[in-house]
Participant: 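Let me begin by handing over the structure; questions about it come next.
Every heavy atom of this structure was used, including side-chain atoms; hydrogens, water molecules and symmetry mates were not. Along the sequence shown, the residues carry numbers beginning at 1.
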Amino acid sequence: MSKKRLLAFVATVGVTVAGAAAALVPMVASNAAVACAAAYSSTAVYTGGANVSYQGRNWTAKWWTQGEAPSTGGSGVWADQGECGSGGGTNPPPGNGGGTCNYPNWSAGTYYAAGSIVKYTNGQYYKASHDNPGYDPVISTWYWDPYTCAGGGTNPPPGNGGNDGGFVVSEAQFNQMFPGRNSFYTYAGLVDALKKYPSFANTGSDTVRKQEVAAFLANIGHETGGLVHIDELNQAVWGTYCDRSQPYGCPAGQTAYHGRGPIQLSWNFNYKAAGDALGIDLLNHPDLVSTNASISWQTGIWYWMTGTGSAGTTSHNAMVNGSGFGTTIRAINGIECNGGHPDQMQHRVQLYQSFTQILGVPTGGNLTC
């Protein structure tokens, strides 16, 4: 990612983090019982403003969605409206013995030692697998595991179950798209990274899901020269990505925050924002983006799901809402739009056209920006 684009993105990150923090404040239930809306259906299509009930709580869709169970994690499409039903109580998660759990509600910012058990806002329970300072159990899945109170195994979190075997791109298709890729960018690492954002390439119809992943792979293919480059090639500029005005500084060193990974993550503030969202200390250990395939892929998906750039929407939303591939270019590198760098923009489009052909789906409209 270019310096100009990343400087513009830091403001977006601040807004996103502030919004996420607000979303993590536990809801205070009213003493009065609130009627539950119609039950959520995984096959139904919901548009912005639609109301559903799920796990004893009411939820409102912020935009178009299908197949993403209501929670405060994932893509953030659902807004928690609080408890509903008789007495405002929540339904116990399946398999927990009918209400035998008696664990505290999860609270953002509260320190949890490994082994701690909490009740999340979706009514399900999670057990800390590692010490953490209050990371979100649905987003930071390395630090938390689903927990069932009465034994009998754990309940899988809402979503695509990690996409193992359900990813819309096969390994053979992935290899066809990137025949000369660096062996670091493994298919297994990509599939593992999908667990962090279950709605990625798993929202909408089969065509929409394939179009989204084709758009993602086309953009990161452009950024990395076909998944060849892991680190930014121009080492002369590595020392320019440390913004010392940030209160946390650059603890890993002046030159530690250069572009890495499929989205070429750059700048200390972006490493911190990505690490906070993923539950990984990337501020102190930025090299993980170039040494751990899953983490590297996670940073690319993180930007895809949260970064808006000059588009005013995320790349994920652009593809599932029908805005078109051109909007993803604007979200990732808007300086290529409006005649800025037409050759680079066209290269992204050509990759997208090639990848949709491999996946057997149409490109849709609005390909350029």
Side-chain angles (χ1 to χ4, degrees), residues 42 67-69 71 73-75 129 137-146 154-221 223-224 226-228 230 260-265 274-275 277-280 282 288-306 314-316 319-320 328 351-352 354-356 358-361:
S42 61
E68 181 178 353
S71 75
S75 69
S129 54
V138 172
I139 297 176
S140 302
T141 54
W142 188 79
Y143 289 91
W144 295 94
D145 292 322
T154 58
N155 297 320
N160 61 2
N163 280 304
D164 296 339
F167 189 34
V168 294
V169 177
S170 69
E171 185 167 9
Q173 290 171 327
F174 178 74
N175 291 335
Q176 183 180 355
M177 293 173 179
F178 301 105
R181 65 180 170 83
N182 191 305
S183 61
F184 170 75
Y185 291 113
T186 63
Y187 178 79
L190 172 58
V191 172
D192 185 70
L194 301 177
K195 298 173 184 177
K196 291 290 184 177
Y197 290 96
S199 59
F200 169 75
N202 197 42
T203 303
S205 67
D206 183 65
T207 295
V208 171
R209 295 198 299 271
K210 289 179 178 179
Q211 287 173 336
E212 180 181 8
V213 76
F216 170 76
L217 293 174
N219 277 295
I220 62 97
E223 295 284 334
T224 59
L227 289 185
V228 172
I230 303 172
R260 291 186 180 89
I263 205 70
Q264 290 292 283
L265 185 71
L278 298 170
I280 305 166
L282 295 181
L288 288 172
V289 181
S290 58
T291 58
N292 184 300
S294 176
I295 291 175
S296 192
W297 281 113
Q298 288 172 40
T299 62
I301 298 174
W302 164 77
Y303 189 89
W304 182 266
M305 300 296 291
T306 63
T314 67
S315 297
H316 169 73
M319 294 308 297
V320 301
T328 72
L351 287 175
Y352 176 63
S354 174
F355 293 170
T356 52
I358 290 173
L359 296 178
V361 294

Participant: If you compare all heavy atoms of Gly221 against all heavy atoms of Leu351, which two are closest, and at what distance to 0.1 Å?
Facilitator: C-CD1, 4.1 Å
Participant: When you look at Phe216 and Ile263, which way does the side-chain contact (heavy atoms from CB on, under 4.5 Å) test go after all the steps?
Facilitator: CA-CA 10 Å; Phe216 170 76; Ile263 205 70; 5.7 Å; no
Participant: Decide yes or no for Leu282 and Leu288: does some side-chain heavy atom of the first lie under 4.5 Å from some side-chain heavy atom of the second?
Facilitator: yes
Participant: How many angstroms lie between atom CD of Glu223 and atom OH of Tyr303, to the nearest 0.5 angstrom?
Facilitator: 9.0 Å
Participant: Please examine the side chains of Met319 and Val213, heavy atoms only from C-beta on, and report whether any two atoms are closer than 4.5 Å.
Facilitator: no
Participant: Would you check if Leu227 and Phe174 make a side-chain contact, meaning some heavy-atom pair closer than 4.5 Å?
Facilitator: yes
Participant: Check whether any side-chain heavy atom of Leu217 sits under 4.5 Å from a side-chain heavy atom of Met177, and report yes or no.
Facilitator: yes
Participant: Return the minimal non-hydrogen interatomic distance between Ser294 and Asp192, and the atom names on each side.
Facilitator: OG-OD2, 2.6 Å
Participant: Taking all atoms of both residues into account, what is the closest heavy-atom pair of Ile230 and Tyr185, and its distance?
Facilitator: CA-OH, 3.3 Å
Participant: Would you check, one step at a time, whether the test side-chain contact (heavy atoms from CB on, under 4.5 Å) holds for Thr356 with Lys210?
Facilitator: CA-CA 7 Å; Thr356 52; Lys210 289 179 178 179; over 6 Å; no
Participant: Side chains of Trp297 and Ile220: does their closest heavy-atom pair fall under 4.5 Å?
Facilitator: yes
Participant: For the residue pair Phe178 and Phe355, is the inter-centroid distance of their aromatic rings smaller than 6.0 Å?
Facilitator: yes
Participant: For the residue pair Arg209 and Asn202, what are the closest heavy atoms and their distance?
Facilitator: CD-CA, 3.2 Å
Participant: Please give me the minimum heavy-atom distance between Thr299 and Pro262, naming the atom from each residue.
Facilitator: OG1-CD, 4.4 Å
Participant: Just checking, is any N or O donor in the side chain of Asn219 or Thr328 under 3.5 Å from an acceptor N or O on the other one?
Facilitator: yes
Participant: Please round to the nearest 0.5 Å and tell me the distance separating atom CD1 of Ile301 and atom NZ of Lys195.
Facilitator: 12.0 Å
Participant: To the closest 0.5 Å, what do you measure between CG (Leu190) and OG (Ser296)?
Facilitator: 10.5 Å
Participant: Just verifying a value: how many Å separate Gln211 CD and Ser205 OG, rounded to the nearest 0.5 Å?
Facilitator: 7.0 Å
Participant: Give me the atom names and distance for the closest heavy-atom approach of Phe184 to Val289.
Facilitator: CZ-O, 3.8 Å
Participant: Any side-chain heavy atom of Gln298 sitting closer than 4.5 Å to one from Ile280?
Facilitator: yes
Participant: Is there a side-chain contact between Glu212 and Trp304 in this structure, where contact means two heavy atoms from C-beta onward sitting under 4.5 Å apart?
Facilitator: yes
Participant: Is there side-chain contact between Phe200 and Met305, with at least one heavy-atom pair below 4.5 Å?
Facilitator: yes
